[in-house]
Amino acid sequence: MTLRPILIHPDPRLKKVADPIAEVSADIRKQADDMIETMYDAPGIGLAAPQVGILNRLIVMDAQRDPEAKPNPMVLINPEVIWESEEKNVYEEGCLSIPDQFAEVERPKMVRVRWLDVDGKTVEEEFDELWATCVQHEIDHLNGTLFIDYLKPLKRQMITRKMQKLKREMARGK
Ligand code: K1U
Ligand code: ZN
């Protein structure tokens with residue numbers, strides 16, 4: 001497995017709509033394995049393909065809270081929200097592409113999602129609480145949307161400027 005570098009906002013690849021995956025091939029399974037390793041290494045509870053510069057519709061997640069539990073990553077290919085609850089939930093979100101920045105985002109509390117698994121089989125499942133927040137955050141990445149797009153323009157600008165500064169420092173090797 002290979003660790004993939006995670007893109008930092010602002011980057012035009014994080015604003016593109018990703019392409020559907022036509023066939024669940026060995027290359028796609030390798031991409032999923034690499035993304036799982038990259039997510040755990042970060043560490044994070046989710047990761048979407050555009051965050052590692054691949055513009056296809058694959059996400060990985062493991063949002064279990066119990067640190068004692070065995071890792072149980074999920075791979076979702078071409079995920080689609082097919083139902084969302086009217087009830088909302090507010091969660092303080094973070095993003096591996098926007099390091100050390102957190103903000104409250106309101107989203108549907110529960111969602112039903114359909115996707116293809118790594119065997120190309122169609123799966124449907126309902127997600128609640130943090131899992132629901134995470135899957136919506138990751139599907140947003142596939143559509144070029146970041147959690148800061150839900151914030152007021154001034155707050156979004158402030159975070160974007162901080163990220164531009166961070167990228168300049170990283171480029172200078174600071
Ligand atoms: O997509 C991403 O950038 C990953 C992101 C997912 C996410 C976090 C919070 C709410 C919604 C979606 C992260 O994983 S940020 C890191 C994080 O939340 C975390 C890291 C270590 C332990 C627990 C949480
Ligand atoms: Zn993110």
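Worth knowing before you read on, the calculation uses all heavy atoms, side chains too, and leaves out hydrogens, waters and symmetry mates.
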Original post:
Below 4.0 angstrom, N of the basic side chain to O of the carboxylate: do Asp41 and Arg4 qualify?
Top reply: no
Original post:
Does the pair Leu76 and Ile139 meet the rule for a side-chain contact (heavy atoms from CB on, under 4.5 Å), with working shown?
Top reply: CA-CA 10 Å; Leu76 288 72; Ile139 292 174; 5.9 Å; no
**OP:** Work out which heavy atom in Ala132 is nearest to a heavy atom in Pro108; give both atom names and the distance.
**Re:** CB-O, 4.5 Å
Subject >> side chain to side chain contact (heavy atoms under 4.5 Å, CB included) partner of Met35, chosen from Met39, Gln31, Glu37 >> reply: Gln31
Original post:
Quick one: OG on Ser97 to CZ on Phe147, what's the gap to the nearest 0.5 Å?
Top reply: 10.0 Å
Original post:
Any link between Tyr150 and Leu130 through a network of hydrophobic side chains (Ile, Leu, Val, Met, Phe, Trp, Tyr) touching at under 4.5 Å?
Top reply: no
**OP:** Not counting sequence neighbours, which residues clear salt bridge (charged side-chain N to carboxylate O under 4.0 Å, His left out) with Glu125? List them please.
**Re:** none
Original post:
Quick check: does any side chain N or O of Asn78 sit under 3.5 Å from a backbone N or O of Ile21, one acting as donor and the other as acceptor?
Top reply: yes
Original post:
Does the distance from a Lys or Arg side-chain N to an Asp or Glu carboxylate O, for Asp11 and Arg13, drop under 4.0 Å?
Top reply: yes
**OP:** Kindly give the heavy-atom pair with the smallest separation between Leu142 and Ala48, and that separation in Å.
**Re:** CD2-CB, 4.2 Å
Subject >> N/O donor-acceptor pair under 3.5 Å between Lys121 side chain and Leu116 backbone >> reply: no
Original post:
If you measure from CZ on Arg112 to CG on Asp128, what distance do you get to the nearest 0.5 Å?
Top reply: 12.5 Å
**OP:** Just do the side-chain contact (heavy atoms from CB on, under 4.5 Å) check on Ile159 and Lys155 with the steps written out, would you?
**Re:** CA-CA 6 Å; Ile159 293 177; Lys155 170 101 177 151; 4.2 Å; yes
**OP:** First locate atom CD1 of Ile8, then atom SG of Cys95, and finally report the distance between them rounded to the nearest 0.5 Å.
**Re:** 8.5 Å
Original post:
Going from CD1 on Ile59 to NE2 on His137, what distance comes out if it is rounded to the nearest 0.5 angstrom?
Top reply: 10.0 Å
Original post:
What is the minimum heavy-atom distance between Leu96 and Pro43, and which atoms define it?
Top reply: CD2-O, 3.7 Å
**OP:** Give a yes or no answer on whether the side chain of Thr133 reaches the backbone of Tyr91 with a donor-acceptor pair at less than 3.5 Å.
**Re:** no
**OP:** Would you kindly confirm whether Val52 and Ile77 end up in one hydrophobic cluster when ILVMFWY residues are joined by side chain heavy atoms under 4.5 Å apart?
**Re:** yes
Subject >> Ala42 to Gly44 - nearest heavy-atom pair and separation >> reply: CB-N, 3.9 Å
Subject >> Residues that Lys70 engages under salt bridge (charged side-chain N to carboxylate O under 4.0 Å, His left out), provided they are two or more places apart >> reply: none
**OP:** Treating Ile, Leu, Val, Met, Phe, Trp and Tyr as nodes and any side-chain heavy-atom pair under 4.5 angstrom as an edge, say whether Ile6 and Leu14 lie in one connected cluster.
**Re:** no
Original post:
For the side chain of Gln101 and the backbone of Ile98, is there at least one donor-acceptor N/O pair under 3.5 Å apart?
Top reply: no
**OP:** Could you tell me whether Lys88 and Glu106 have a side-chain N and a carboxylate O separated by less than 4.0 Å?
**Re:** no
**OP:** Kindly give the heavy-atom pair with the smallest separation between Glu104 and Leu151, and that separation in Å.
**Re:** O-CD2, 4.0 Å
**OP:** Give the C-alpha distance, both sets of side-chain angles, the deciding distance and a yes or no for side-chain contact (heavy atoms from CB on, under 4.5 Å) between Trp115 and Val123.
**Re:** CA-CA 5 Å; Trp115 69 91; Val123 184; 3.5 Å; yes
**OP:** Indicate whether any N or O donor in one side chain lies under 3.5 Å from an N or O acceptor in the other, for Thr2 and Lys30.
**Re:** yes
Original post:
Do the side chain of Arg29 and the main chain of Val118 share a donor and acceptor less than 3.5 angstrom apart?
Top reply: yes
**OP:** First locate atom CD of Gln164, then atom CD of Gln157, and finally report the distance between them rounded to the nearest 0.5 Å.
**Re:** 10.0 Å
Original post:
Salt bridge or not for Asp19 and Arg57, using N-O below 4.0 Å?
Top reply: no
Subject >> Exam field: side chain Asn143 to backbone Thr145, donor-acceptor pair closer than 3.5 Å >> reply: no
Original post:
Considering the options Glu93, Glu84, Glu129, which one meets the salt bridge (charged side-chain N to carboxylate O under 4.0 Å, His left out) requirement together with Arg107?
Top reply: Glu93
Subject >> Under 3.5 Å: donor-acceptor pair, side chain of Asp62, backbone of Asn72 >> reply: yes
Original post:
Charged N to carboxylate O under 4.0 angstrom, Lys15 versus Asp149?
Top reply: yes
Subject >> Heavy-atom donor-acceptor pair, Thr160 side chain to Arg156 backbone, under 3.5 Å >> reply: yes
Subject >> Shared hydrophobic cluster for Met61 and Val81 (ILVMFWY, side-chain gaps under 4.5 Å) >> reply: yes
**OP:** Assess whether side-chain contact (heavy atoms from CB on, under 4.5 Å) is satisfied between Val111 and Glu126, documenting all intermediate values.
**Re:** CA-CA 6 Å; Val111 285; Glu126 208 162 290; over 6 Å; no
Original post:
If two hydrophobic side chains count as joined below 4.5 Å and joins carry through other members, does Val75 share a cluster with Val113?
Top reply: no
Original post:
Which distance, rounded to the nearest 0.5 Å, do you find between the CD of Gln136 and the NE2 of His141?
Top reply: 13.0 Å
Original post:
Counting only heavy atoms not in Glu86, do more than 12 sit closer than 6.0 Å to its CD atom?
Top reply: no
Original post:
Which atom pair, heavy atoms only, marks the closest approach of His9 to Ile148?
Top reply: NE2-CD1, 3.4 Å
